[in-house]
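Worksheet for the structure shown next.
First the proteins, then the strands, lettered A, B, ... as listed; each starts at 1.
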Amino acid sequence: MFSDLSALRPGSSLLCPPDSESQGPLFDRVKPAYSPCSENFKLGDRSFSRQYAHIYATRLMQMRPLLSERAQQKWGVGVQIRNLCDLQMGEQCCIVGTMFKHMELQPSILKEISEEHNLLPQPVRMKFISESDQLILEDELQRIKLEGKIDAGTFVTGSVIAIYGAENNDGKFTVEDFCTADLPLQTPRPSLTADRFVLLASGLGLGGSHGDSMLALQLLVDMVTGQLGDQGEQSGAATISRVVLAGNLLSQSTQDKEASTRAKYLTKKTQAGSVEAIRLLDELLLQLVASVPVDVMPGQYDPTNYTLPQQPLHRCMFPLSTTYPTLQLTTNPYQASIDSLRFLGTSGQNVSDIQKYSSLDCHLDILENTLRLRHLAPTAPDTLGCYPFYQKDPFILEECPHVYFSGNAPFYMSRRIEGPDGQEVLLVAIPEFCSTRTACLVNLRTLECEPISFSSFSAEEDEETEMNVSH
Amino acid sequence: MTAKNGLITDSFQVVKKTQAEPAPLTVREKELQTLEQFDLDWRFGPCTGIGRLQRWERAAVHGLNPPKEIKELLLRAGADPEYTQCLWRDYPL
């Protein structure tokens with residue numbers, strides 16, 4: 001564990017007078033092998049003159065063979081896998097298709113502008129599910145309603161699954177069992193000799209109205225760059241090989257929607273809130289990149305495109321820190337191979353979207369769900385903004401990651417899950433730093449994660465303020 | 001009303017107009033027809049918004065075995081939009 005490393009050196013070297021002759025021990029930061037794999041999330045020329053039907057078609061094309069294989073593994077080799085147009089009534093068979101959940105409460109622009117309904121504006125809802133939600137399975141040509149042993153709450157629109165059952169008299173399909181594509185194959189984890197850590201943090205929330213977390217942020221930067229603590233702490237910090245910032249580097253308050261709709265003559269002298277915040281971020285990153293490689297992922301409130309996959313933040317916004325080669329500006333679904341361990345993660349938009357449209361609440365359960373469905377963001381493009389892909393769906397997982405994370409969770413959670421072919425994945429829900437002041441440290445050797453939190457006590461309590469860095 | 005001792009065709013001769021045969025399709029029209037059939041084939045996914053060659057390549061990548069004659073036809077055609085773009089090329093989005 002990280003806390004054990006810093007406790008290894010006995011005695012506190014901070015209390016002895018500085019030695020003017022010798023420089024003190026130098027700790028070199030570990031350098032792991034790193035290769036970025038986010039190429040299929042980078043978009044070149046973007047063309048929006050296509051409909052979204054292509055994504056669903058390619059999703060089904062790609063997942064159908066995988067699901068047929070899983071269905072045969074689960075229900076026997078002789079199971080009949082049928083297209084919906086060939087269904088016979090009463091025959092036990094298996095169908096493969098995309099799930100569609102019909103929700104009454106789903107916000108619909110047509111209902112809003114329809115004059116017949118005269119709808120009052122809806123109150124802001126956290127979840128759009130209700131008891132009357134209907135599940136429908138669609139394949140290339142037809143769709144069929146589902147009923148039976150299937151819980152509408154746990155599924156979201158856009159997930160591709162295989163269902164076993166029979167069609168009954170009134171045209172609905174009675175479900176007896178279902179199966180998902182489950183985890184893809186994983187390259188085995190290499191065994192490392194020494195402990196190495198990767199720091200995951202998200203939701204820094206710069207440019208926000210309250211600066212409470214700025215001290216905690218500065219403590220984090222000082223800890224990682226080795227300027228905090230005595231020799232034990234510094235040698236511990238030298239084992240942090242990389243920092244990944246998973247989105248929402250700017251706070252939500254920098255997104256000023258009114259400025260875009262107000263008349264230009266009123267907004268002439270005002271500056272967008274994000275300009276100052278990006279400057280703060282650049283200065284913060286400058287301190288970090290001078291010492292450790294940093295991967296910066298954009299999030300929901302950052303100045304990049306809204307649709308997934310979010311493109312990297314532009315390097316012209318960071319004039320001070322782009323001079324260092326250690327700064328990597330990456331896409332939103334982020335994939336990289338650090339010391340042959342595969343990292344895959346998002347800034348949390350896919351997880352919070354699934355949370356709104358299903359009965360699942362825990363971020364880790366949703367992460368596990370997406371992994372088992374073998375798809376990063378099944379709700380794209382239905383309720384989550386997405387680029388109209390036509391060739392391939394890049395959100396389908398080809399290879400199983402070793403560490404799968406999502407940013408901006410309300411609190412820290414992590415869990416290890418096992419796959420059917422011996423895969424081991426560490427799921428991490430990275431907490432939002434501006435509210436929880438907690439970041440995560442992933443140990444590459446043991447594939448475990450621990451939180452690291454920075455807190456400070458306010459001056460009102462005591463005469464002197466105390467800084468507390470707890471593991 | 002049937003006549004008593006015969007069929008009506010005894011009094012009214014059968015004069016059948018031989019239908020003129022439709023003009024044989026030119027090679028270009030035949031090729032365009034095969035391409036339209038390729039567009040409407042449900043196995044290869046939606047056809048709107050992308051070029052025919054892109055759709056062929058997508059089908060090939062996903063292992064759906066699209067017929068090779070279509071690809072040869074498209075490569076021979078060059079830049080003619082009637083060959084390269086799909087059936088609904090005049091309708092935006």
- Inter-residue atom distance A/Gln51.CD - B/Thr48.OG1, 0.5 Å rounding: 5.0 Å

Heavy-atom proximity to chain B below 4.5 Å, by part of [X]:
| X | value |
| --- | --- |
| A/Phe48 | backbone |
| A/Glu140 | side chain |
| A/Asn83 | side chain |

- Heavy-atom closest pair, residues A/Ala57 and B/Pro46: CB-CD, 3.3 Å

- Item | Exceeds 12 heavy-atom contacts within 6.0 angstrom, atom NZ of A/Lys74 | yes

- Item | Whether over 12 other heavy atoms sit under 6.0 Å from A/Glu69 CD | no

- Message: Quick one: does any side-chain atom of B/Arg58 pair with a main-chain N or O of A/Tyr390 as donor and acceptor, under 3.5 Å?
- Response: yes

- Query: Between A/His54, A/Met61, A/Gln391, which residue shows the highest count of heavy-atom pairs closer than 4.5 Å to chain B?
  - Reply: A/His54

